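Any value given below was found using the heavy atoms of this structure, including those in side chains, with hydrogens, waters and symmetry copies removed. Fair warning: this is a prediction, and the values are worked out from it, not measured in the lab. Chain letters run A, B, ... following the sequence lines, proteins first, then strands; residues in each count from 1.
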Amino acid sequence: MTNNQIAALFEEMADLLEIVGENPFRVRSFRNAARSIADWTRSIEEMVEEEADLTEIPGVGKGGVERIREIVASGTCETLDEARAKVPVGVRELLRIEGVGPKKAALFHKELGIESIDALEAAAKAGKLRDLAGMGEKSEEKLLRAIANARKGEGRFLLSVGMEQAERLVEALRGVEGVRRIEPAGSVRRWRDTVGDIDIIVAGDANSPVMDAFTGHEDVAEVIARGPTKSSVRLRSGLQADLRLVEEASFGAALAYFTGSKAHNIAIRERAHARGLKVSEYAVEEVESGRRAGGAKEEEIFASVGLPWIPPELRENRGEIEAAEAKKLPRLIDLDDIRGDLQMHTKASDGRNTIEEMAEKAKTLGYEYILITDHSKAVRVAKGLDEERLLDHCRAIDRANDRLDGIRILKGVEVDILPDGSLDLRDDALAACDVVVASVHFRFSMPEEEMTDRIARAISGHRVHILGHPTGRLILQREPYAVDLARIFAVARDSGVAMEINAHPERLDLRDVDARAAKEAGLRLAISTDAHAREQLDLMRFGVHTARRAWLEKKDVLNAMPFDAFRKALRK
DNA sequence: GCCGTTTTCGGCCCGACTGTTTTCAGTCG
């Protein structure tokens with residue numbers, strides 16, 4: 001049983017208890033527990049086996065420990081079973097519909113016996129909902145639109161999609177009259193790997209036409225809500241976007257508030273509360289006197305609770321507040337620190353550009369070196385290289401190096417890890433390469449132990465320098481394969497192998513928390529774009545910000561090193 | 001149910017918008 005599976009059951013308990021009308025604070029404690037269980041890096045199942053102290057997990061107390069033990073032993077617990085007996089599963093589904101919370105879900109169930117989204121839709125179409133307390137014709141129509149949206153959109157979007165959309169909107173609104181400052185907030189600003197919506201904060205005049213410009217933007221498909229200080233729209237892409245207009249004196253408070261994360265904000269607010277302060281999206285105030293203690297700048301919000309400014313990527317309540325307090329925040333890596341790119345493909349396999357074209361583009365990015373890593377032969381569809389073609393390719397790279405000044409082109413390969421843990425090319429061919437990246441590209445559905453053995457064998461026994469996209473996930477498309485990363489990290493450490501953070505927005509693999517665990521296990525990380533065309537070398541920023549979310553500093557990253565140090569670090 | 005910079009009981013983050021309501025509940029972020 002994984003931590004995520006345990007967390008999902010706590011989340012389910014919270015939903016069900018809320019529908020039943022349980023004490024809201026009790027419900028929240030279940031949600032808090034779910035959240036910190038999902039974030040917990042050690043295996044909770046193992047902790048149970050070892051009888052370790054589970055109350056170390058924030059938000060887990062005596063009751064939580066009991067429930068976790070029950071869940072690990074049996075897959076469920078008494079509280080959950082009782083709640084499930086009271087609320088059919090379909091009623092919980094209703095919460096996914098925008099505008100339907102626990103109260104409405106309970107109302108629909110109690111009054112009309114509705115137990116599914118389909119049934120809710122049918123009732124709305126038949127006009128049966130308008131007579132319920134607090135409902136009317138308008139809410140019926142709204143509900144039908146929300147159901148249609150839920151069917152279409154299904155939640156979250158890739159970071160790159162959200163980032164591009166946010167940048168478009170900000171660009172369009174920046175020049176509107178009365179707009180003084182504008183910044184995207186939310187998960188886009190924290191560079192989370194997926195985004196659920198876009199938040200934009202504007203400081204400006206109350207009578208600025210920015211709301212009209214926003215709700216009237218060409219990307220807007222539907223206006224969900226429109227007020228003087230807050231509007232929400234549904235974009236053509238299916239994404240929701242919210243805009244907040246505040247006075248300049250409140251810009252920092254609003255930015256901090258809407259950047260989140262929610263868990264981080266709650267922790268900051270509790271901290272403020274303990275100091276007799278109240279933090280809102282408008283200002284920090286002393287509770288007693290009502291005196292204002294800041295709000296124009298984010299720094300003022302943090303300073304009011306005795307902390308330095310915390311970079312948005314760290315604001316997940318994963319220890320950043322404690323680290324800030326102890327003056328131990330990391331000096332996070334920046335895009336400017338990157339000196340090379342360690343995974344890219346050329347026409348030799350499935351890339352669109354030549355060695356020279358990739359190198360020329362890399363020069364414009366200011367890189368000192370790049371590593372060319374075409375596929376090996378197991379990847380047939382990509383025209384993967386066999387031993388002979390790899391050696392030819394290496395000679396072509398040598399020639400390109402002779403012709404080009406101002407950048408070093410390193411010979412490499414992305415060699416496939418075969419199901420038995422052997423590599424797809426002979427050692428003598430690999431020896432011609434400066435750097436070897438090894439990756440898994442097929443047979444993803446092995447049992448965890450076999451997959452772990454497979455990868456461990458591949459990186460320990462050969463001349464591998466970097467493990468490419470270590471979990472194989474494709475965000476929103478394919479789950480990571482089952483693999484014991486802690487064991488992989490231990491083997492990699494003994495073998496001097498670095499882990500990749502693949503910067504492609506569909507991969508971001510390792511993900512933030514796993515990359516952080518890799519660093520804590522004593523490993524170096526390589527941030528690579530895996531570019532298949534020269535313009536994809538620009539995707540590096542997504543990898544770097546994922547690295548920032550993993551608390552990585554310059555010294556943790558292989559390709560942030562000057563060339564000589566990089567070469568030295570590779571020697572095994 | 002959890003927790004402690006007013007500590008073992010009594011709190012628990014805060015405000016905007018909507019749709020239904022003559023003063024507010026519900027939802028959302």
Side-chain angles (χ1 to χ4, degrees), chain A residues 10 13-14 17-19 21-36 54-68 77 79 94-108 129-143 145-146 185-187 195-201 211 223-233 240-246 250 253-254 256-285 287-288 301 305-306 317 325:
Chain A
F10 272 78
M13 282 189 270
L17 292 174
E18 200 170 22
I19 292 170
E22 179 61 78
N23 172 2
F25 296 111
R26 185 170 183 239
V27 170
R28 191 160 82 194
S29 85
F30 279 96
R31 283 201 208 291
N32 287 340
R35 149 96 197 180
S36 50
L54 295 172
T55 58
E56 269 180 56
I57 305 166
V60 174
K62 206 160 153 261
V65 171
E66 269 321 298
R67 290 189 183 88
I68 290 173
C77 66
T79 312
L94 303 182
L95 301 180
R96 296 211 328 262
I97 306 300
E98 195 182 322
V100 179
K103 296 290 195 303
K104 290 270 171 65
L107 179 74
F108 298 149
L129 301 181
R130 64 187 62 174
D131 300 329
L132 298 176
M135 295 287 294
E137 271 186 62
K138 263 189 158 173
S139 20
E140 237 172 24
E141 286 165 25
K142 209 175 159 187
L143 195 62
R145 282 202 304 276
S187 40
V195 303
D197 62 11
I198 292 172
D199 298 289
I200 296 172
I201 310 302
M211 280 298 172
V223 178
I224 298 168
R226 194 197 183 291
T229 65
K230 178 191 168 180
S231 294
S232 295
V233 300
Q240 183 178 321
D242 299 334
L243 185 140
R244 284 277 182 155
L245 175 61
V246 296
S250 294
Y257 185 85
F258 290 101
T259 295
S261 65
K262 201 170 187 175
H264 169 92
N265 282 352
I266 289 172
I268 293 284
R269 276 156 183 259
E270 283 170 356
R271 214 179 143 87
H273 193 76
R275 287 158 194 255
L277 297 170
K278 187 184 75 168
V279 176
S280 76
E281 59 255 60
Y282 300 106
V284 185
E285 287 171 8
V287 174
E288 295 259 316
I301 312 301
V305 293
N317 199 25
E325 171 138 59

*Asks:* Please state the P separation for the pair dT18(B) and dC12(B) - nearest whole angstrom.
*Replies:* 29 Å

*Asks:* Within the structure provided, determine whether C77(A) and M13(A) are in side-chain contact (heavy-atom separation under 4.5 Å).
*Replies:*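 In contact.
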
*Asks:* From the set dC14(B), dG1(B), dC12(B), return the single nucleotide nearest to any side-chain atom of R67(A).
*Replies:* dG1(B)

*Asks:* Using the C1' atom as the point on both nucleotides, what is the distance between dC13(B) and dC3(B), in whole Å?
*Replies:*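 Between the two C1' atoms, the distance is 16 Å.
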
*Asks:* Select base, sugar-phosphate, or nothing to describe what R31(A) touches, counting heavy atoms under 4.0 Å on all strands.
*Replies:* nothing

*Asks:* How close or far is atom C1' of dC12(B) from atom NZ of K278(A), stated in whole angstroms?
*Replies:* 16 Å

*Asks:* Can you tell me which nucleotide in dC13(B), dT18(B), dT6(B) comes closest to the side chain of A274(A)?
*Replies:* dT6(B)

*Asks:* Between dC24(B) and dT20(B), how far apart are the two C1' atoms, rounded to whole Å?
*Replies:*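 Per the computed distance, 9 Å lies between those C1' atoms.
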
*Asks:* In B/S/- notation, 5' to 3', how is nucleotides 24-29 of chain B contacted by protein heavy atoms closer than 4.0 Å?
*Replies:* --SSSB

*Asks:* Please collect all side-chain hydrogen bond (donor to acceptor under 3.5 Å, both in side chains) contacts where either partner lies in residues 265-280 of chain A, sequence neighbours excluded, each pair once.
*Replies:* R271(A)-E325(A)

*Asks:* Rounded to the nearest angstrom, tell me the gap between atom CD1 in I224(A) and atom P in dG19(B).
*Replies:*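 Nearest whole value for this atom pair: 12 Å.
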
*Asks:* Starting at CD1 of I301(A) and ending at P of dC14(B), how long is that distance when rounded to a whole Å?
*Replies:* 14 Å

*Asks:* Which nucleotide, dT5(B), dC13(B), dG1(B), lies nearest any side-chain atom of R275(A)?
*Replies:*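 Out of dT5(B), dC13(B), dG1(B), the nucleotide with an atom closest to R275(A)'s side chain is dT5(B).
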
*Asks:* What are the two closest non-hydrogen atoms of L245(A) and P228(A), and how far apart are they?
*Replies:*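 Distance-wise, the nearest heavy atoms are CD2-O, 4.0 Å.
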
*Asks:* Of the listed nucleotides (dC13(B), dC12(B), dC17(B)), which one gets closest to any side-chain atom of I266(A)?
*Replies:*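 Comparing dC13(B), dC12(B), dC17(B) against the side chain of I266(A), the answer is dC13(B).
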
*Asks:* Using a 4.0 Å heavy-atom cut-off across all strands, classify V60(A) as base, sugar-phosphate, or nothing.
*Replies:*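 Counting heavy atoms under 4.0 Å across all strands, the contact made by V60(A) is with sugar-phosphate only.
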
*Asks:* For the pair made of NZ in K142(A) and C1' in dT20(B), what is the distance, rounded to whole Å?
*Replies:*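 My rounded result for the distance is 11 Å.
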
*Asks:* Could you list by number each residue of residues 132-139 of chain A showing a heavy-atom separation from DNA chain B of less than 4.0 Å, or answer none if no residue does?
*Replies:* G134(A), M135(A), G136(A), E137(A), K138(A), S139(A)

*Asks:* Using the P atom in both, what is the distance from dC2(B) to dT6(B), to the nearest Å?
*Replies:* 23 Å

*Asks:* Need the glycosidic conformation of dT7(B): syn if within 90° of 0, anti if not. Which one?
*Replies:* syn

*Asks:* Using the C1' atom on both, measure dT8(B) against dG4(B) and round to a whole Å.
*Replies:*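 Per the computed distance, 9 Å lies between those C1' atoms.
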
*Asks:* So which of R31(A), K103(A), R28(A) actually passes side chain to side chain contact (heavy atoms under 4.5 Å, CB included) with E18(A)?
*Replies:* R31(A)

*Asks:* Answer yes or no: is there a side-chain heavy-atom contact under 4.5 Å between M135(A) and D131(A)?
*Replies:* no

*Asks:* Using side-chain heavy atoms (C-beta onward) and a distance below 4.5 Å, is I201(A) in contact with Y257(A)?
*Replies:*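 Side-chain contact under 4.5 Å: no.
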
*Asks:* Do K230(A) and E281(A) meet the salt-bridge criterion of a basic N to acidic O distance under 4.0 Å?
*Replies:* no

*Asks:* Tell me the interatomic distance from L17(A), atom CG, to dG1(B), atom C1', rounded to whole angstroms.
*Replies:*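 Taking atom C1' of dG1(B) as the reference, CG of L17(A) is at 10 Å.
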
*Asks:* Using side-chain heavy atoms (C-beta onward) and a distance below 4.5 Å, is V246(A) in contact with T229(A)?
*Replies:*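 With C-beta onward as the side chain, the pair stays apart.
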
*Asks:* Would you indicate what N265(A) reaches in the nucleic acid, counting non-hydrogen atoms under 4.0 angstrom: base, sugar-phosphate, or nothing?
*Replies:*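 No contact.
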
*Asks:* Would you kindly compare V65(A) and L277(A) by the position of their nearest DNA chain B nucleotide and give the one closer to the 5′ end?
*Replies:* V65(A)

*Asks:* I'd like the C1' distance from dT7(B) over to dG11(B), given in whole Å.
*Replies:* 12 Å

*Asks:* Determine the contact category for T229(A): base if any of its heavy atoms lies under 4.0 Å from a base atom, sugar-phosphate if only primed atoms, P, OP1 or OP2 are that close, otherwise nothing.
*Replies:*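 The answer is sugar-phosphate, as T229(A) gets under 4.0 Å only of primed atoms, P, OP1 or OP2.
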
*Asks:* Atom CZ of F10(A) to atom C1' of dG1(B): distance rounded to whole Å?
*Replies:* 10 Å

*Asks:* By the 4.0 Å heavy-atom rule, please label G186(A) as base, sugar-phosphate, or nothing.
*Replies:* nothing

*Asks:* How many whole angstroms separate atom CD of E22(A) from atom C1' of dC2(B)?
*Replies:*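 After rounding, the reported distance stands at 14 Å.
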
*Asks:* Any side-chain N or O of R269(A) below 4.0 angstrom from OP1/OP2 of dC13(B)?
*Replies:* no

*Asks:* Does the side-chain contact (heavy atoms from CB on, under 4.5 Å) test come out yes or no for L243(A) and M211(A), once each step is laid out?
*Replies:* CA-CA 8 Å; L243(A) 185 140; M211(A) 280 298 172; 3.4 Å; yes

*Asks:* With rounding to whole Å, what would you report as the distance between dT23(B) and dC28(B) at their P atoms?
*Replies:* 25 Å

*Asks:* V305(A) versus V284(A): any side-chain heavy-atom pair under 4.5 Å?
*Replies:*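 No; the side chains remain at least 4.5 Å from each other.
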
*Asks:* Separation of L245(A) atom CG from dC17(B) atom P, in whole Å?
*Replies:* 10 Å

*Asks:* Please find the pair of heavy atoms, one from A33(A) and one from F10(A), that lie closest to each other, and give the distance.
*Replies:*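 Heavy atoms of A33(A) and F10(A) come nearest at CB-CD2, 3.9 Å.
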
*Asks:* Do the side chain of E140(A) and the main chain of L129(A) share a donor and acceptor less than 3.5 angstrom apart?
*Replies:* yes

*Asks:* Using Watson-Crick or G-U wobble geometry with both distances below 3.5 Å, tell me the partner of dT8(B), or none.
*Replies:* none

